[in-house]
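Written out below as structure tokens is the structure these notes cover.
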Amino acid sequence: MDDFHILAFETSSTLCGVALLSRAAGRTRLRTAQHDQGRGAHAERILPMARDLLDQAGLARRDLSAIAFGQGPGGFTGLRVACGVAQGLAVALDIPVLPVDSLCAVALQGAGDDPAGVHVVLQDARMNEVYAAAYRAGGADWATLQAPALLARADVADWAARESAGWDMRAGGGWTAHGDALDVFPGLDRELEALGARLAPATPDGARAQAGTIARLAEQAWRQGRAVDAALASPAYVRDKVAYTTVERAGGLGGNPQVDAATLTLHDMTAADVDEVAAIEGRVQSFPWTRKNFADGLAAGYRGWGVRRMGAMLGFALVMDAPDMAHLLVIGVRPDAQRQGVGARLLRRCVDHCRQAGLPALTLEVRPSNERAIAFYHRHGFAQVGLRRGYYPAFQGREDAWIMTLPLAADAAPGNAGPSPVSSTPTGGGLDVARPRGRS
């Protein structure tokens, strides 16, 4: 993996770009090409630009290690161009793809030489709506605090006011606002400044993701082993329902018709979250994980996520990867946040992680007495595949565990989101999953 060549495409906006990032003999070289003639020319120009960059580098297509693409969010037609071209080349060359968050690229471009802190990207989504995302800079890696979501323009300041307390707590400082929505919507910049935001300085094309930045983020993903099979690549369509009807909009509806994105935010779990996570775990489990269990899991490289509202932790999940599948170790939702889709959102994130890591299945353990959790997992496509005798501690003796597994073929998808069944009960209610053996 020391020497590699990554070809990157970015077409989420009117700017169409191609980049070639090469690492050879200890040196890194980035070549870029772009045009700005509108989305209608993307499909016509993208492959000739790629061929020119390969010719300049003296490379053939077979020399490529991976294909990267900006997966959005952005214009539907543009996103399909980049994803489709990346998939087609990757399949033909039998190499993996590297999907890259286009809004993270905008944050990286606007951060400049001093990226410390939290960076919030607000991009015009048309129809008086905004794509919003938040990231924390940390050296070469950027952590996602809020995955791209769709907000009504009128909700942006309220969303930022509620969530910025949580961003500051985790990042230890203020936050910077980026994106073309600051120019498109009059007064938005002043609303955010009143909340304590810094405004990123304007730069040429800084508010639109560029292929060179996509390539830089793809290099990080490549080094971390996050390439995926071409069949798993897909654009990031944030709008579940493309538009409200005229009647719905006249009634004041805006934002995402399926999800109240202004209410819930999803972020990677870090050591700073452990106290809140352990507190929730103690409320929903009769035999909970300890703070040290969570801290040790993160230190061992387990992947975790949390869901917040107004900066407060509502729920969490922790996953351990194995060569042949991922193991959902623990998941929990605060009692007063149950039946609001938090558990379903966390489970979808676990499934997305498995697909991105190329793992063919997600498995877990659950108490047979926890009928609501079992029903929840069944709704999301899990099936019982085995039984572990005496697996869980109980108030009298021990309790068996059902082993449940969700196969993740390329065309598989988790079930429809439903209410979370997490509840605190004397039998260890909640989304029971694996617990360390020998603990009582």
Side-chain angles (χ1 to χ4, degrees), residues 145-146 162-163 165-166 169-170 259-270 272-295 297-298 302 304-319 328-351 364-380 382 391-396 399 401-402 404 414-436 439-440:
L145 303 181
Q146 162 67 64
R162 290 181 296 176
E163 297 301 330
M169 176 186 65
R170 292 191 295 277
V259 180
D260 184 4
T263 301
L264 301 179
T265 60
L266 179 73
H267 68 89
D268 292 341
M269 188 191 300
T270 70
D273 300 314
V274 167
D275 286 335
E276 291 173 282
V277 166
I280 294 174
E281 170 77 350
R283 295 177 66 183
V284 300
Q285 298 294 346
S286 298
F287 301 90
W289 275 38
T290 66
R291 184 191 188 283
K292 186 176 186 302
N293 291 141
F294 286 107
L298 291 175
Y302 300 165
W305 301 275
V307 169
R308 292 180 179 271
R309 176 186 291 128
M310 293 182 286
M313 181 76 76
L314 302 186
F316 62 86
L318 193 68
V319 167
L328 178 54
L329 296 174
V330 60
I331 182 171
V333 177
R334 209 171 70 187
D336 60 349
Q338 293 163 15
R339 296 183 176 274
Q340 298 176 30
V342 176
R345 186 163 184 173
L346 287 163
L347 188 57
R348 286 197 299 270
R349 182 65 187 89
C350 295
V351 171
L364 57 88
E365 284 86 16
V366 60
R367 295 175 185 264
S369 61
N370 197 343
E371 296 178 356
R372 293 172 64 191
I374 290 171
F376 172 80
Y377 293 129
H378 277 150
R379 286 199 303 274
H380 286 264
F382 286 80
Y391 187 77
Y392 286 112
F395 289 111
Q396 293 184 349
E399 183 176 357
W402 278 17
M404 301 188 74
N416 294 329
S420 170
V422 182
S423 62
S424 180
T425 68
T427 58
L431 298 182
D432 282 320
V433 289
R435 308 285 169 183
R439 286 176 47 210
S440 59

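Values below: all heavy atoms of this structure, side chains included; hydrogens, waters and symmetry mates excluded.
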Those residues that, when tested against F294, pass ring pair (Phe, Tyr, Trp, His ring centres under 6.0 Å) (two or more places apart): W289, F316

Shortest non-hydrogen pair, A373 vs V366, comes out as CB-CG2, 4.0 Å

Nearest heavy-atom approach of W305 to C350 is CZ3-SG, 3.9 Å

Taking all non-hydrogen atoms of both residues, which atom of L328 and which atom of A317 are closest, and how far apart? CD1-CB, 4.3 Å

Where do H378 and M404 land on the side chain to side chain contact (heavy atoms under 4.5 Å, CB included) test, with the steps shown first? CA-CA 9 Å; H378 277 150; M404 301 188 74; 3.5 Å; yes

To the nearest 0.5 Å, tell me how far Y377 OH sits from N370 CG. 8.0 Å

Partners of L298 by side chain to side chain contact (heavy atoms under 4.5 Å, CB included), sequence neighbours excluded? M269, V274, L318

Shortest non-hydrogen separation from A394 to F287 and the atoms involved: C-CZ, 3.5 Å

As an exercise, state the distance from CZ of R367 to CD1 of I374, rounded to the nearest 0.5 Å. 11.5 Å

Which pair of heavy atoms, one from Q285 and one from I331, lies closest together, and at what distance? NE2-O, 4.5 Å

Using the rule given for side chain to side chain contact (heavy atoms under 4.5 Å, CB included), can you reason through V284 versus Q338, listing the C-alpha separation, both sets of side-chain angles and the distance that settles it, and then say yes or no? CA-CA 11 Å; V284 300; Q338 293 163 15; 4.1 Å; yes

What's the shortest heavy-atom distance between L145 and H267, and which atoms? O-CB, 2.9 Å

Quick one: does R283's side chain have a donor or acceptor within less than 3.5 Å of a partner on R334's backbone? no

Give a yes or no answer on whether the side chain of Y392 reaches the backbone of E365 with a donor-acceptor pair at less than 3.5 Å. yes

Go through the steps to decide whether R308 and D273 satisfy the test side chain to side chain contact (heavy atoms under 4.5 Å, CB included), and finish with yes or no. CA-CA 11 Å; R308 292 180 179 271; D273 300 314; 2.7 Å; yes

